[in-house]
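What follows is one structure encoded as structure tokens, with my remarks underneath.
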Amino acid sequence: MTHTDLIPSRRGWLALSPMIVFLTLYVAVSAMIGDFYKMPIAVALTAASAWGIGVVMRGSLSDRIGVFSRAAGHSDILYMIWIFVLAGAFASMAKEIGAVDATVALTLRVFPPQMLLPGMFLAACFISLSVGTSVGTVVALAPLAAEMAGAAGAPTAMYVAAVIGGAFFGDNLSFISDTTIAATRTQGCRMDEKFRANIRIVAPAALVSFIAYVFIGSDFTTAMPGLSPAAATPWLIAPYLLIIALAVAGINVAIVLSAGIAATFALGLAGGHDALTLCGYMGAGIDSMGNLIIIITLMAAGLLGVIKSAGGIDYLLQRLTARISGARGAQACVAALVGIVNLCTANNTVAIITTGAISRDIAHTYGITPRKTASLLDTASCIVQALIPYGAQTLLATALAGISPAAPWPYMVYPWALAVSVGISVAWVRKKREK
């Protein structure tokens with residue numbers, strides 16, 4: 001960035017102010033009153049968007065609204081909404097025909113009660129590592145997590161948090177993850193090199209999380225309340241087995257969900273449900289997504305488009321790279337850079353692509369290997385994406401489980417363990433420059 005490109009502090013902070021308004025209304029207000037259920041995310045996003053369009057942006061009102069609308073209507077956002085719609089339809093119909101109860105009952109027969117929570121975390125780790133996507137993992141496991149939590153007499157948010165954490169394990173580590181591909185391509189290193197650098201950071205955090213969930217899960221006992229007669233019908237687990245098998249095979253998540261819907265519909269017909277009733281179940285599931293998750297996704301995407309258009313992302317890059325001292329500071333800057341941009345964009349892949357080039361320059365200047373920089377970009381972005389309540393994965397998981405997006409926060413063991421692991425990795429910098 002040249003001197004003529006520098007953004008004045010006043011204009012830079014003004015460009016970032018919509019995000020500050022949102023965080024103040026949602027996070028700060030909720031923290032002050034001690035209740036994250038009181039302030040709806042959609043209201044905070046609406047107020048921040050109005051501030052961005054009305055105060056921050058320049059030009060005619062139609063042009064400013066156009067910027068917001070184009071960002072909200074981006075093809076990636078609309079594709080995500082398609083996933084939400086299909087996920088809602090599948091989850092609702094599978095629950096109503098008894099597939100969820102059957103799957104939970106079988107799981108409870110196989111695993112001891114104290115291993116349900118860590119088992120859910122391990123399942124999410126395995127599936128996400130296989131499919132390379134946190135969204136696909138959440139789709140497969142979040143409805144089951146909610147039912148298992150009820151059967152174990154545990155908070156639903158606890159099990160959902162285990163699924164979200166495990167989902168980001170694979171999102172961060174898998175060779176076919178879009179974040180892995182983005183990180184390695186922007187840094188110019190091979191995937192196996194990044195994997196070796198990454199596993200040293202990720203493995204300790206995953207082990208700590210598993211042990212923590214063993215102890216946490218041991219406090220709850222299985223009561224199996226309220227399971228329907230369908231719980232005794234093991235063939236009803238077929239839709240979930242199909243979803244998991246197709247996901248592990250690497251099939252596109254939209255196709256996976258469509259196949260799951262078709263299989264569940266067929267099972268419903270075979271079980272005595274009529275077609276219109278099954279369509280009603282699907283409609284109810286789609287409606288449950290539209291009232292919260294789809295609206296929040298559109299509002300957040302539009303808001304972030306306003307911030308980027310006003311120069312907020314460029315100002316962040318400018319400020320964070322202004323004062324770097326030594327290899328340790330350079331690594332900390334790369335991690336902070338992608339983390340803060342992810343906080344603003346709510347998309348870890350976009351955050352990596354946005355900060356990739358400047359991170360590569362920083363790494364070259366301070367002697368950081370491409371594999372380490374790629375690992376830091378991927379890991380730091382996944383930590384933030386897992387923790388923000390307006391991220392797509394958290395919105396989807398909590399909508400499928402029927403809880404608030406803020407509810408899993410107290411139980412998010414893995415992202416915090418991973419943050420500590422990244423901090424240790426950054427602090428432990430070899431004094432000799434890596435070749």
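Quantities reported herein were computed from a predicted structural model and do not represent experimental measurements.
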If you measure from [atom1] on [X] to [atom2] on [Y], what distance do you get to the nearest 0.5 Å?
X: F168; Y: T179; atom1: CZ; atom2: OG1; result: 9.0 Å
X: D314; Y: K308; atom1: CG; atom2: NZ; result: 8.5 Å
X: M19; Y: I340; atom1: CE; atom2: CD1; result: 11.5 Å
X: I352; Y: L376; atom1: CD1; atom2: CG; result: 11.0 Å

For the residue pair [X] and [Y], what are the closest heavy atoms and their distance?
X: T398; Y: S404; result: CG2-O, 3.5 Å
X: F169; Y: L129; result: CE2-CD2, 4.3 Å
X: P408; Y: V160; result: CG-CG1, 4.2 Å

Look at the aromatic rings of W13 and Y315 and report parallel, tilted or perpendicular, splitting at 30° and 60°. perpendicular
Over 60° means perpendicular and under 30° means parallel, so classify the ring planes of W409 and W416, tilted if in between. perpendicular
Where the side chain of T46 meets the backbone of A42, is there a donor-acceptor pair that is under 3.5 Å apart? yes
Do any pairs count as a side-chain hydrogen bond (donor to acceptor under 3.5 Å, both in side chains) and have a residue in residues 388-397, sequence neighbours left out, and if so which ones? S134-Q393, Q385-Q393
Using a cut-off of 6.0 Å, state whether more than 12 heavy atoms not belonging to Y79 lie near its atom OH. yes
Partners passing side-chain hydrogen bond (donor to acceptor under 3.5 Å, both in side chains) against [X] (at least two apart in sequence or in another chain):
X: T156; result: none
X: W82; result: none
X: W51; result: S17
X: D192; result: R190, R196

When you compare the side chain of [Y] with that of [X], does any pair of heavy atoms fall below 4.5 Å?
X: T186; Y: S359; answer: no
X: T180; Y: F195; answer: no
X: I383; Y: N342; answer: no
X: F90; Y: P239; answer: yes

Which residue pairs pass the salt bridge (charged side-chain N to carboxylate O under 4.0 Å, His left out) test with at least one member in residues 373-396, sequence neighbours excluded? K194-D378
